[in-house]
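Have a look at the structure below before the remarks.
We number each residue from 1, following the sequence as shown. Fair warning: this is a prediction, and the values are worked out from it, not measured in the lab.
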Amino acid sequence: MGIHPTATVHPSAFVEEGAEIGPECSIGPFCTVGPEVRLGRGVVLKSHAVVTGDTEIGDETVIFPFATIGEIPQDLKFAGEHTKLIVGKRNRIREGVTMNTGTEGGGGITRVGDDCLFMTGAHVGHDAQVGNRLVMANQSALAGHCIIEDDVIIGGLSGIHQWVRIGQGAIIGAVTMVTNDVIPYGLVQGPRGVLDGLNLVGLKRRGVARADITALRAAFQMLAQGEGAFAERARRLGEETESAYVQQIVDFILGESDRHFLTPG
């Protein structure tokens, strides 16, 4: 067990031998830290947090009470193989959040980027690949093998089906079930999620130029109403556009996927 001399561990916490506790970490009362856990600089575990498995937590991440991070996958095919969870820097992991390690069949690693917010009761399933600055609201869930790109917002009580990809800057409304891929900057809402437009508020907050927003709006209309199949429309769009944001959508649609797409209504 390696506990840095600048780290503080409450007497009631249980840190198993082999764990690596970095400088300036704070482990609160009644926490449990497993033998393969590695905590970076300034990680804070508030009371009753559990971090277990082969799990790496990046610098300055804060884990709130009753979160369980690094437990085995909720997958009946899991047979005890050695898999990992890697969580990046400056994440806020609120009360009751669960994050599972990977599975051998899914690549073996569940990965979370930097500067994300996981609100109360959110769940990150096995082998999910999560980008930076994700916001998951209360009681939302990512199933196994999901790919979530940067700057995505997922509303409360929403669920993302296994193998689904969500492109950069997309927003998912509350109480929404997403069963197919979502294009970058898409807006999805409704009990059975439909692609209902673009995340214009998010684009404006990020300071995206008016010309690019106009190009994105035109691209969305072409995807919604153009001739031919969805992928054919995307290919034509890629041949015509000069916007990097539109090209990002085209590349996403034409990229490898295990699911169909949510298409504009």
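- Residues satisfying the side chain to side chain donor-acceptor pair (under 3.5 Å) criterion with Asn91, sequence neighbours excluded, are absent altogether.
- Every residue was checked against the salt bridge (charged side-chain N to carboxylate O under 4.0 Å, His left out) condition with Glu240, not counting sequence neighbours, and none meets it.
- Taking the side chain to side chain donor-acceptor pair (under 3.5 Å) definition, one finds that Arg92 meets it with nothing, sequence neighbours left out.
- Within the structure, every pair that satisfies the ring-ring contact (aromatic ring centres under 6.0 Å, His included) test and touches residues 38-69, not counting sequence neighbours, is listed here: Phe30-His48, His48-Phe66.
- A search for side chain to side chain donor-acceptor pair (under 3.5 Å) contacts involving His123 returns Gln74, Thr98, not counting sequence neighbours.
- Residue pairs meeting the ring-ring contact (aromatic ring centres under 6.0 Å, His included) criterion with at least one partner in residues 137-193, sequence neighbours excluded, are His126-His145, His145-Trp163, Tyr185-Tyr245.
- The side chain to side chain donor-acceptor pair (under 3.5 Å) test applied to Thr263 returns no partner, not counting sequence neighbours.
- Sorted by first and then second residue, the side-chain hydrogen bond (donor to acceptor under 3.5 Å, both in side chains) pairs involving residues 55-67 (not counting sequence neighbours) form an empty list.
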Output a table of donor-acceptor pairs, distance under 3.5 Å, between side-chain atoms of residues 197-213 and any protein atom two or more places apart or on a different chain; print 'none' if there are none.
| residue | atom | partner | partner atom | Å |
| --- | --- | --- | --- | --- |
| Asn199 | OD1 | Gly202 | N | 3.1 |
| Asn199 | ND2 | Gly169 | O | 2.9 |
| Asp212 | OD1 | Ser243 | OG | 3.0 |

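- Judged as a salt bridge (charged side-chain N to carboxylate O under 4.0 Å, His left out), and not counting sequence neighbours, the contacts of Asp150 are Arg133.
- Identified under the side-chain hydrogen bond (donor to acceptor under 3.5 Å, both in side chains) test for residues 168-180, with sequence neighbours left out: Asp151-Gln168, Gln168-Gln248.
- For Asp54, the salt bridge (charged side-chain N to carboxylate O under 4.0 Å, His left out) partners at least two apart in sequence or on another chain are Arg38.
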